[in-house]
A.B. asks: 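Mind having a look at this structure? Questions to follow.
FYI, side chains are in, hydrogens and waters are out, and symmetry mates aren't considered; it's all heavy atoms of this structure. All figures in this text were calculated on a predicted structure; none of them were measured in a lab.
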Amino acid sequence: MDWLNQLKRESLRKVILRVVLLLALGTAFFVLFGCHKLLGTLSPKTLADLTPETMEGAYVEDDIYFLYTPYVEVEQYRDNVRTGTVGMQYLTDFDEIYYMGLYVHKDSLQEAEALMDASEDFMEGNLAAEQMPVMHVKGTVRLMEEDDQRYYFDLAEGDAELEAVMLPYYLDVGRVGKQTFVTVAVFAAVALVCVILAIFPLVKALTGGYQKQLRRKLSESGDMEAAAERVERFYEAAEPVCGVRMNGEYVFFQEGPNSILLRPWEVAWAYQSTTQHRTNGIPSGKTYAAVLRTMDGKQYTLSMSESQVQTLLGAMETALPGTVLGYSDELAGLYKNNRDFFSQRWEEKAPGCTARR
């Protein structure tokens with residue numbers, strides 16, 4: 001049935017822009033926020049596992065036993081008034097060979113300062129080694145900025161041998177890449193949702209999911225193959241009016257990607273819907289739609305221009321004589337509380353239609 005494949009292609013055309021945009025958005029979130037780096041948190045390295053060549057970008061979980069001195073303090077200002085310290089970089093060592101930086105942010109500063117104080121007490125002989133606290137850290141090893149490197153290497157005071165074992169990296173505590181774990185996890189979840197929202201309509205279009213209502217309507221006749229042949233002949237013969245195909249047997253249209261097939265006497269009421277748009281309280285335009293209400297309480301909204309709506313309603317007056325056209329509060333009340341009124345209308349205009357259901 002080539003016409004069903006044609007409908008699948010039409011559904012795909014309707015959703016493809018949304019699919020592309022969602023995939024692009026998901027990819028952008030994933031790449032810009034370094035979500036792939038979350039994989040490193042599943043199998044973190046220790047500092048002893050790293051070499052100078054493999055440090056940059058590594059995700060580390062390890063214990064810090066000693067801090068020598070701070071070399072960079074990150075301060076926060078508001079309206080040129082200092083509001084406090086939000087980060088500190090300390091000199092530390094690892095593997096008993098190399099030195100590097102430890103970048104501690106505000107939420108871990110108290111623990112770092114306690115270790116710094118303990119380290120000073122130990123160097124002055126006021127604290128035994130077994131009394132030293134241990135700071136457990138997780139984070140990403142990053143290359144120092146040029147300004148940070150200048151302050152960092154100043155600690156060597158010109159000692160070439162010391163500078164040779166001072167690596168220009170710091171362990172950025174509590175960070176996955178440049179972001180907090182929570183931030184990266186949230187955007188990874190957003191990226192995943194975008195991909196799922198893109199894949200779902202794509203798969204649905206390719207598998208004919210948007211033709212589900214049409215297939216159900218075909219199956220109501222009992223002989224689905226014969227019904228499909230009749231609808232195919234109708235589809236090929238009926239000239240669409242503003243996207244709606246109509247004759248005495250069927251009504252067909254696309255509501256977005258969904259293919260909708262109805263029997264004429266199922267269309268109870270049709271009218272124009274007008275939406276006034278405003279920007280900052282100022283009218284900025286109107287949009288129009290043809291609204292079709294069916295006997296089983298469903299509503300289909302077909303967006304189009306005002307002239308197209310009127311053209312469609314005019315064509316429906318001839319093709320669907322039992323359908324009530326135009327909106328009024330009285331009709332809205334009848335549709336809600338007394339739908340038999342619309343059935344009777346069809347019986348009056350097209351006697352025997354009920355028997356064809």
A.B. asks: For residues D93 and Y68, is any side-chain donor paired with an opposing acceptor at under 3.5 Å?
C.D. replies: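 Yes - a donor-acceptor pair under 3.5 Å links their side chains.
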A.B. asks: Quick one: is the NZ or CZ of R339 closer than 6.0 Å to the six-membered ring centre of Y335, and within 45° of its axis?
C.D. replies: yes
A.B. asks: Can you check salt bridge (charged side-chain N to carboxylate O under 4.0 Å, His left out) on E255 and K298, steps first, answer last?
C.D. replies: CA-CA 13 Å; E255 186 189 40; K298 290 186 172 61; over 6 Å; no
A.B. asks: Whether the side chain of T311 engages the backbone of S307 through a donor-acceptor N/O pair (distance < 3.5 Å, no angle test) should be reported.
C.D. replies: yes
A.B. asks: Only one of Q89, H105, K178 forms a side chain to side chain donor-acceptor pair (under 3.5 Å) with D172, so which one is it?
C.D. replies: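 The residue from Q89, H105, K178 that satisfies side chain to side chain donor-acceptor pair (under 3.5 Å) with D172 turns out to be H105.
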A.B. asks: Counting only heavy atoms from other residues, nucleotides and ligands, does the tally under 6.0 Å from CD of E330 exceed 12?
C.D. replies: no
A.B. asks: To the nearest 0.5 Å, what is the distance between CD (E163) and CG (L155)?
C.D. replies: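 Nearest 0.5 Å value for the CD-CG distance: 10.0 Å.
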A.B. asks: Quick one: do R345 and E348 make a salt bridge, cutoff under 4.0 Å?
C.D. replies: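 No.
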A.B. asks: Parallel, tilted or perpendicular: which one describes the rings of H36 and F30, with boundaries at 30° and 60°?
C.D. replies: tilted
A.B. asks: Kindly check if the number of other-residue, nucleotide or ligand heavy atoms within 6.0 Å of CD (E161) is above 12?
C.D. replies: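 No.
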A.B. asks: I'd like to check L202 versus V15 (side-chain heavy atoms, cut-off strictly below 4.5 Å). Are they in contact?
C.D. replies: no
A.B. asks: F253 ring centre to R245 NZ or CZ under 6.0 Å, with the angle to the axis within 45°?
C.D. replies: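 Geometry flag: not set, cation outside 6.0 Å or 45°.
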A.B. asks: Are V195 and V31 linked, directly or through intermediate hydrophobic residues, by side-chain heavy-atom contacts shorter than 4.5 Å (ILVMFWY only)?
C.D. replies: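 In one cluster with V31: V195, no.
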A.B. asks: For A289 versus V309, what's the shortest heavy-atom pair and its separation?
C.D. replies: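 Heavy-atom minimum between the residues: C-CG2, 3.7 Å.
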A.B. asks: Quick one about Y90 and E113 (side-chain donor to acceptor, distance below 3.5 Å, no hydrogens or angles considered), yes or no?
C.D. replies: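 Yes.
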A.B. asks: How far apart are the closest heavy atoms of Y169 and M55, and which atoms are they?
C.D. replies: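 Taking Y169 first and M55 second, the nearest heavy atoms are CD1-SD, 4.1 Å.
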A.B. asks: Once the angle between the rings of F29 and F187 is folded into 0 to 90°, is it parallel (under 30°), tilted (30 to 60°) or perpendicular (over 60°)?
C.D. replies: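 F29 and F187: tilted rings.
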A.B. asks: Assess, by modelled atom type and distance only, whether the side chains of Q254 and S259 contain a donor and an acceptor separated by less than 3.5 Å.
C.D. replies: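 Looking only at side-chain atoms, S259 and Q254 do form a donor-acceptor pair, the distance falling under 3.5 Å.
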A.B. asks: Does the side chain of Q179 reach to within under 4.5 Å of the side chain of T140, using non-hydrogen atoms?
C.D. replies: no
A.B. asks: Can you tell me how far apart CD (E75) and CZ (R82) are? Round to the nearest 0.5 Å.
C.D. replies: 4.0 Å
A.B. asks: Kindly give the heavy-atom pair with the smallest separation between D2 and E232, and that separation in Å.
C.D. replies: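 Minimum heavy-atom contact is N-OE2, 4.4 Å.
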A.B. asks: Determine whether more than 12 heavy atoms belonging to other residues, nucleotides or ligands lie under 6.0 Å from atom CD of E317.
C.D. replies: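 For E317, atom CD is not crowded (no more than 12 foreign heavy atoms under 6.0 Å).
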A.B. asks: Do you reckon L23 sits in the same ILVMFWY cluster as L192, going by side-chain contacts under 4.5 Å, direct or chained?
C.D. replies: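 Different clusters.
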A.B. asks: Could you give the distance from CE (M316) to CE (M246), rounded to the nearest 0.5 Å?
C.D. replies: 6.5 Å
A.B. asks: In terms of hydrophobic clusters joined by side-chain contacts under 4.5 Å, are L167 and I97 together?
C.D. replies: yes
A.B. asks: If you count heavy atoms of other groups shown closer than 6.0 angstrom to CD of E220, is the number above 12?
C.D. replies: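 For E220, atom CD is crowded (more than 12 foreign heavy atoms under 6.0 Å).
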A.B. asks: For residues L214 and L7, report the shortest heavy-atom separation together with the two atoms involved.
C.D. replies: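 L214 and L7 have their closest heavy atoms at CD1-CD1, 3.7 Å.
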A.B. asks: Are Y98 and L47 close enough that some pair of their side-chain heavy atoms sits under 4.5 Å apart?
C.D. replies: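 They are not in side-chain contact.
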A.B. asks: Do I16 and L197 share a hydrophobic cluster (ILVMFWY, side-chain heavy atoms under 4.5 Å, transitive)?
C.D. replies: no
A.B. asks: How far apart are the C-alpha atoms of M100 and T92, what are their side-chain angles, what is the distance that settles it, and do they pass the side chain to side chain contact (heavy atoms under 4.5 Å, CB included) test?
C.D. replies: CA-CA 6 Å; M100 65 180 297; T92 189; 4.0 Å; yes
A.B. asks: For T51 and E53, which I'm curious about, is there any donor-acceptor pair between the side chains at under 3.5 Å?
C.D. replies: yes
A.B. asks: Looking only at non-hydrogen atoms, find the nearest pair between K138 and Y59 and report the distance.
C.D. replies: CB-OH, 3.4 Å
A.B. asks: Going by the ring-ring contact (aromatic ring centres under 6.0 Å, His included) test, name the single residue among Y152, F153, Y103, Y151 that passes it with Y71.
C.D. replies: Y152
A.B. asks: Quick one: do the T294 and E266 side chains pair a donor with an acceptor below 3.5 Å?
C.D. replies: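 T294 vs E266: no donor-acceptor pair found between side chains.
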A.B. asks: Could you walk me through whether V184 and K37 pass the side chain to side chain contact (heavy atoms under 4.5 Å, CB included) test, one step at a time?
C.D. replies: CA-CA 9 Å; V184 177; K37 294 177 182 176; 5.8 Å; no
A.B. asks: Taking atom CG of L206 and atom NZ of K8, what is their separation to the nearest 0.5 Å?
C.D. replies: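 Between atom CG of L206 and atom NZ of K8 there are 8.5 Å.
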A.B. asks: Does any part of the side chain of R263, heavy atoms only, come nearer than 4.5 Å to the side chain of E249, both counted from C-beta?
C.D. replies: yes
A.B. asks: Is it the case that the side chain of W346 and the backbone of V267 share a donor-acceptor pair, with hydrogens and angles ignored and the cut-off at 3.5 Å?
C.D. replies: yes
A.B. asks: Do V173 and L102 pass the side chain to side chain contact (heavy atoms under 4.5 Å, CB included) test, and can you show the C-alpha distance, the side-chain angles, and the key distance before you say yes or no?
C.D. replies: CA-CA 7 Å; V173 177; L102 185 74; 3.7 Å; yes
A.B. asks: For residues F341 and V324, determine if any side-chain heavy atom of one lies less than 4.5 Å from a side-chain heavy atom of the other.
C.D. replies: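 Yes. Closest side-chain heavy atoms under 4.5 Å.
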A.B. asks: Quick one: sort the F234 and Y250 rings into parallel, tilted or perpendicular, breaks at 30° and 60°.
C.D. replies: tilted
A.B. asks: Is any side-chain heavy atom of Q308 less than 4.5 Å from a side-chain heavy atom of Y288?
C.D. replies: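 No - every pair of side-chain heavy atoms lies 4.5 Å or more apart.
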A.B. asks: Taking L143's backbone N and O only, do any of them form a donor-acceptor pair with E56's side chain (distance below 3.5 Å, no angle check)?
C.D. replies: no
A.B. asks: CG/L292 to OG1/T323 distance, rounded to the nearest 0.5 angstrom?
C.D. replies: 7.5 Å
A.B. asks: Does a side-chain heavy-atom distance below 4.5 Å link Y210 with L12?
C.D. replies: no
A.B. asks: Enter the distance from L38:CG to F181:CZ here, rounded to the nearest 0.5 Å.
C.D. replies: 5.5 Å
A.B. asks: Closest heavy-atom contact between L115 and P133?
C.D. replies: CD1-O, 3.4 Å
A.B. asks: Check whether Y170 and Y65 end up in the same hydrophobic cluster, where Ile, Leu, Val, Met, Phe, Trp and Tyr are linked by side-chain heavy atoms less than 4.5 Å apart.
C.D. replies: no
A.B. asks: Can a donor-acceptor pair be found between the side chains of D49 and T46 at a distance below 3.5 Å?
C.D. replies: yes
A.B. asks: Just by distance, do the side chain of Q276 and the backbone of G285 share a donor-acceptor pair under 3.5 Å?
C.D. replies: yes
A.B. asks: Could you give me the CA-CA distance, side-chain angles and deciding distance for Y271 and R293, then say whether side chain to side chain contact (heavy atoms under 4.5 Å, CB included) is met?
C.D. replies: CA-CA 9 Å; Y271 56 87; R293 299 289 192 98; 3.3 Å; yes
A.B. asks: Within a strict 4.5 Å, meaning less than it, do heavy atoms of the R175 and T180 side chains meet?
C.D. replies: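 R175 vs T180: side chains touch.
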